[in-house]
Amino acid sequence: PQIVWLPGAYGRSLRIARRHRADVLYTTAPPQSLNLLGMRLQEALGLPWVADLRDPWTDGVHRNQWYPDNPGRKAREEAWERQIFERADHVIVVTESAREGFLVKYPWCPPDRISVITNGFDPVDFAQVTPEPRFLEKGRLNVTLTGHVETLFDLVPFFTAVEDVVREPERRAALRINFVGTRRMPRYDAWIEGHGLGDVIRYHKYVPHADSVQILTESQVLMLCMTPRHDYGAVKILGKMCEYLYTRKPVLALTIPGITSRILESAGVGTTIDPGDVPGMAAAMRRFLDEHRAGGIRVAPNEAVIGTFDREQQAGALAAIL
């Protein structure tokens with residue numbers, strides 16, 4: 001993606017690097033065209049180059065949807081990915097599982113050339129939140145997901161669990177499910193309307209990031225939806241999860257066991273349920289409702305774990321590499 005941007009960016013980057021007498025090149029993806037830019041600049045300038053891949057490239061779940069009908073693209077991208085590990089002075093990825101995967105894929109790459117710097121949160125982003133709600137209904141149990149839901153994730157089992165929970169009028173009045181900024185797919189609109197859940201499941205339009213974090217602080221439970229495949233749900237860390245950690249609120253993670261579930265468990269805030277487990281999701285929401293009514297949902301945040309996702313610490317790790 002954005003490959004046509006490369007020629008103009010290359011010329012502009014050369015001028016900037018020469019004018020400011022750059023010491024090191026640092027590129028971060030996605031899109032991976034940025035790392036191709038770094039490769040070309042390294043050739044022209046002879047500077048050390050740090051390539052931040054973040055997530056897997058050619059082994060990514062969405063990439064592999066594109067390759068079957070385009071073997072030429074697959075071959076080109078695999079060659080480019082290999083060149084990054086051949087030429088970059090250092091490579092950064094976002095999870096330990098991604099690092100291990102690349103070391104298996106490129107066994108000739110020295111292990112000390114690949115580092116892990118996870119996604120994180122910036123406390124400054126939360127500096128302007130107000131104690132009084134501005135977006136969500138006060139007194140309800142607000143379960144909120146910010147961002148978008150992957151197209152490969154099926155929300156119908158979760159909606160079925162919600163339908164089961166709100167058969168009781170008291171629970172229906174108390175529960176609100178909020179999707180903030182997520183893409184609405186027609187099949188869900190029809191399903192929600194057909195099952196009479198329009199008063200419980202609420203869609204909110206895209207909002208500025210400051211409003212998004214305000215909505216997080218107004219919610220009682222935060223939700224993640226991760227495609228239940230080992231090459232995605234078990235190995236990927238979502239940036240939104242890190243923001244969730246900062247709030248110290250309970251997180252309902254609809255995913256398979258993996259790195260996200262381990263982080264949330266060790267942080268003391270997570271409830272992980274398989275996205276197809278309708279009874280399990282319904283039971284979790286009933287528990288949240290009962291605890292909320294009794295005075296608050298019980299969590300035991302582990303500050304040592306949560307603190308490792310602070311962007312200040314991560315900036316220090318990147319500074320050390322540079």
Side-chain angles (χ1 to χ4, degrees), residues 125-126 128-149 153 155-185 188-189 191-225 240-241 243-254 264 268-273 275 277-301:
D125 291 341
F126 292 82
Q128 303 303 317
V129 299
T130 62
E132 284 301 309
R134 294 194 287 122
F135 297 99
L136 302 182
E137 298 176 61
K138 193 173 182 178
R140 317 278 189 182
L141 175 70
N142 284 286
V143 180
T144 299
L145 182 148
T146 57
H148 70 271
V149 178
F153 188 92
L155 276 169
V156 169
F158 172 69
F159 291 157
T160 302
V162 172
E163 182 181 30
D164 181 55
V165 170
V166 301
R167 293 185 196 281
E168 304 167 49
E170 184 179 347
R171 294 189 189 277
R172 187 182 198 99
L175 181 62
R176 294 293 181 267
I177 309 296
N178 304 288
F179 291 89
V180 182
T182 191
R183 292 194 297 267
R184 297 190 67 181
M185 289 173 270
Y188 295 141
D189 292 343
W191 199 99
I192 292 167
E193 182 179 357
H195 291 256
L197 293 176
D199 60 326
V200 177
I201 299 170
R202 306 287 180 85
Y203 285 92
H204 303 256
K205 64 181 180 180
Y206 281 91
V207 297
H209 187 248
D211 292 346
S212 176
V213 298
Q214 173 72 35
I215 291 171
L216 294 183
T217 63
E218 294 178 18
S219 304
Q220 287 70 48
V221 177
L222 307 177
M223 187 169 75
L224 292 173
C225 296
K240 75 178 76 174
M241 183 204 72
E243 286 194 331
Y244 289 4
L245 287 176
Y246 177 81
T247 70
R248 279 75 169 172
K249 292 179 180 290
V251 178
L252 175 61
L254 306 184
L264 291 173
V269 297
T271 297
T272 301
I273 303 174
D277 182 1
V278 174
M281 290 184 281
M285 283 185 284
R286 287 191 177 95
R287 176 173 64 82
F288 290 144
L289 281 163
D290 291 343
E291 291 183 5
H292 176 64
R293 183 173 54 186
I297 301 170
R298 296 187 295 271
V299 291

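Here, residue 1 is the first one in the sequence, and each next residue gets the next number.
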Exercise. Given the rule in the side chain to side chain contact (heavy atoms under 4.5 Å, CB included) test, do R298 and R287 qualify, once you have shown the distances and angles that lead to the verdict?
Worked result: CA-CA 10 Å; R298 296 187 295 271; R287 176 173 64 82; 5.7 Å; no
Seminar exercise, completed: The reported gap from CG in L254 to CE in M281 (rounded to nearest 0.5 angstrom) is 6.0 Å
For this session: Evaluate the ring planes of Y203 and F179, with Trp represented by its six-membered ring, and classify them as parallel (under 30°), tilted (30 to 60°) or perpendicular (over 60°).
Result: parallel
Problem set entry | Heavy-atom side-chain contact between L141 and I297 under 4.5 Å | yes
Problem set entry | Contacts of type side chain to side chain donor-acceptor pair (under 3.5 Å), residue N178, not counting sequence neighbours | N142, T144, H204
Problem set entry | All side chain to side chain donor-acceptor pair (under 3.5 Å) counterparts of R167, not counting sequence neighbours | none
Only distances under 3.5 Å count here; give the side-chain donor-acceptor pairs of residues 128-136 to other protein atoms, sequence neighbours excluded, each with its distance to 0.1 Å.
{"unit_1": "T130", "atom_1": "OG1", "unit_2": "E132", "atom_2": "O", "d": "3.1"}
{"unit_1": "T130", "atom_1": "OG1", "unit_2": "Q214", "atom_2": "NE2", "d": "3.2"}

Seminar exercise, completed: Sequence neighbours excluded, the answer for side-chain contact (heavy atoms from CB on, under 4.5 Å) partners of T160 is V156, W191, V278
Exercise. Do the side-chain N and O atoms of E163 and H195 include a donor-acceptor pair separated by under 3.5 angstrom?
Worked result: yes
Problem set entry | Test side chain to side chain donor-acceptor pair (under 3.5 Å) applied to E137 - qualifying residues, sequence neighbours left out | R140, R176, R202
Problem set entry | Counterpart residues, side chain to side chain donor-acceptor pair (under 3.5 Å), relative to D125 (two or more places apart) | none
For this session: Test V162 against M285 for side chain to side chain contact (heavy atoms under 4.5 Å, CB included), laying out the working first.
Result: CA-CA 8 Å; V162 172; M285 283 185 284; 3.7 Å; yes
